[in-house]
Each structure stands twice: as structure tokens, then as C-alpha cells.
Amino acid sequence: MTPELIVRNATLPDGRKGQDIAIAAGKIAEIRPAIAAKGVIEIDAKGHLVSPPFVDVHFHMDATLSLGMPRLNQSGTLLEGIGLWGELKPLLAVEAVVERALRYCDLAVSKGLLAIRSHVDVCDDKLTGVEALLEVKKQVAPYIDLQLVAFPQDGLYRSPSAEKNLIRALDMGVDVVGGIPHFERTMSDGAASVRALCEIAEERGLLVDMHCDETDDPLSRHIEALAYETQRVGLQGRVAGSHLTSMHSMDNYYVSKLLPLMAEAGVHAIANPLINIMLQGRHDTYPKRRGMTRVPEMRQHGVNVAFGQDCCMDPWYSLGQADMLEVASMGLHVGQLAAREAMGFCFDAVTTNPAKIMQLEGYGLEPGRNGDLVILQAKDAIEAIRLKATRLYVIRRGKVIAETPALETKLSLAGRPALVNGADYAPVEAG
Ligand code: FE2
């Protein structure tokens, strides 16, 4: 079969150079140097990094691009954000949510972000967000894998109809069971919600992803219950704890017990570095806590860790641009992940690691997998993070769906080169 596309002279995230990637019938047919066949379309990657698409495993697409509606978050805190979202919810209309989400998805495609797990608030009896995002999921399916989480934002038990609405949302086709145990009225209600939600997921054969312990309170320990319930109902490998910021403030001895329990239960961890550094530590004077969960330590214990974006121009966060390299860069800095191996992990944390959490079928740069690629204006994964590299080509199932010209600046300095771009700079010794 003639490949519909061959990308020549690629550098892969694992460091292999000079690779050709042939895509036939929407799948990767071959990856090796100097493929003899001729593709219908040929792209010269010029030694640039070719990666599988970016994956954002923690996002809120029902709220995205709503910045300023109905007003701005003055304190910038999580709680004012939740209050503000509560003011906006009754004003939402399905068409408007669909429109905003589709605009965001266009931006995501331009950044090579082709798989998104979005939480969708189910604490609204009309289930406006659910209806809208199910429609968006259908519309973007040819180019984005959108997975939806039924998220009881105001508390499964604290909000009067959340439990009933969560079940309705799952019946309508929402994919994943969400939760927010630290926001319930009491610790015991939080633990009960974790138990009930894991049972629902087990009965329905679904994945779980809870906002878990998104607080600076070191005694918020719902992750312990989540790991326990995961094992009790047999959901190993199918459960993710999002945020886990309380772990930043926990006692070291307790964490030394907790991490092996998470690893044993195969619970995945999702940190949201941009949002964590912005929202946590707000009751501190100085020194102020960073709030991001213990990423290096979880890695050491074999816990699969991913970075999510969480928010983009919404009641909680007024910046963002669907750029998972920005997320990786912030995670790298906040987690002090400075070793080259650790920087490489930060790239995995926005590609392969979240793909594992979403259980994306056919993801990855291997023959037989989906013909989905991003060609970046960078020599390797670390440089991609350093430069938030331009996505030269975004390819889905063998077709180019977005192109951005290489970034280059014309210099007007006597005796200096005429053109400059960050990708011309390399470390003296990459070892
Ligand atoms: Fe979130």
C-alpha cells in the first residue's frame, strides 16, 4: 500500500535520529531510517522532534473562554472561582457552551493537543454543560479524542441533586466518574463519596478521576481512601487522583506510608502546575507554599504522573493557551525537575503518561498505532519545553490538520547573523 504520508528525517522523543515515519490507511506503517517507498505527501522534518500528540488529561471545557462572565475573579482564589462559576452556571446556554468549546478545540489543534479529558459540572439540574460537551465530543471526534468526566463541582452530597445528576450524566454517555471529596461538608462525607463513586465506576465498568485534596490542609487525606477503595473494588490502573495538593503540606512520615499504597493500587496522579502555583498557598504569608503535589517522590515510587492544564481563560485562571509545553515547563520549575532525565519526564507527563491514564487506544509512535504526529521546531523534548516550540505540522490519521510557519526573527545588528531562532542554540554537552 502506498503510504499517504511519509515524514522524513525525524528525531523521536526517545532520542533516535534520522527516522522516517510512513503512514498508510491512517496508521503508522513503519518507522526506520531511509524508507524506500514514496509517500503521496512527503514532509521533511529536517531533524526536528516528531512527537505523538499532546494530551491534556485535566481540563474544564464547560468553563473555558468564559473569562469575565459575568465578572472577573478579584481575589484570584479557588473559592471565589467556584463562587463565580456558580453565578455563571444558571446563565449558560447549550449553544454558547458548544461555541466556546469548539473555539477552544481549534486552538488546541493548532498546538498539537489532540486528546483532552474534560471534567463537566453535573451540579446543574438542566445538565447544560453535559449536553453541550457531548455534542462537542461528537463534532470534534475526527480530530480530538475528548473524554468527559461527570464532576460534582459543588459536592456529591453537599449539592442537593448532584448524586442523581451524576448518574443521569453517565446514562447520557459521560465516560468517567468524577468527585471532589475535600469539598464535601465533613471528612467522613468525603470518604463516603469516594466509596460510593468507586462503586458506581465498578458497576458500570468506568474509569475514575477525582479532584482530590485540592487544598493546603495537610490533613485532607482522601487520596488514602481513594487508593483503598480502588483496591477494594478492583479498579487498579483505572483511577486517577487529580491535584493532590494537600500532599505538598503533609507530614513526611505519613507520605512515606501513603506513596506505596498509591503505587500498590495503581492510582495515577495528575498535577496541574499552572493552577496549583496560582491557587495554593493563598492563606500563607511568607514563606508561601508552592502547593504542587510531590511529583519526584511519586515517580520514585512508580506512580504514573501526568500534568494537566486544568483551566484556560475561565473563572479560576485568566491566562492559558492550550499549550501543553507551557504546562510541562511550569511543572518542571515548580517540581524542581532539573536533571535531564527529569526534564524528559516532563515531556512524557504531557504525552505518553496522560495517554495511559485516558487509556487512549492506538496512541504512540509505534507501527500499528494511529498516524497522529506533531512536528516541533526543536531538536529534542527538552528543547521543545525550553522554547514552547512552534508546532510546524499537526497530523491526525495521516492528514495535516494544522501548520504553523517556523519562528525566525530578522536581526538588524552589524556583524551578527541576519536570522535567529531559539532552535539554533544547543547545550555544549547534552550528556
Ligand atoms: Fe480541575
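We count ligands from 1, going down the list as the structure has it; atoms in each ligand are counted the same way. Throughout, residue positions are numbered sequentially from 1 according to the sequence presented.
Salt-bridge formation is detected for the pair Arg195/Glu229: a Lys NZ or Arg NE/NH1/NH2 atom is positioned less than 4.0 Å from an Asp or Glu carboxylate oxygen. Using a 4.0 Å cut-off between a side-chain N of Lys or Arg and a carboxylate O of Asp or Glu, Arg117 and Asp56 do not qualify as a salt bridge. With respect to the salt-bridge test (charged N to carboxylate O, under 4.0 angstrom), the residues Lys138 and Glu135 qualify.
The aromatic rings of Trp316 and His60 are tilted relative to each other, their planes meeting at an angle between 30° and 60°.
Counting only distance, with no hydrogens or angles, the side chain of Thr215 and the backbone of Ser246 share no donor-acceptor pair below 3.5 Å.
The Fe ion (ligand 1) has His58 NE2, His60 NE2, His211 NE2, Asp310 OD1 as its protein N, O or S neighbours under 2.8 Å.
With a 4.5 Å cut-off on side-chain heavy atoms, Leu373 and Ile21 count as touching.
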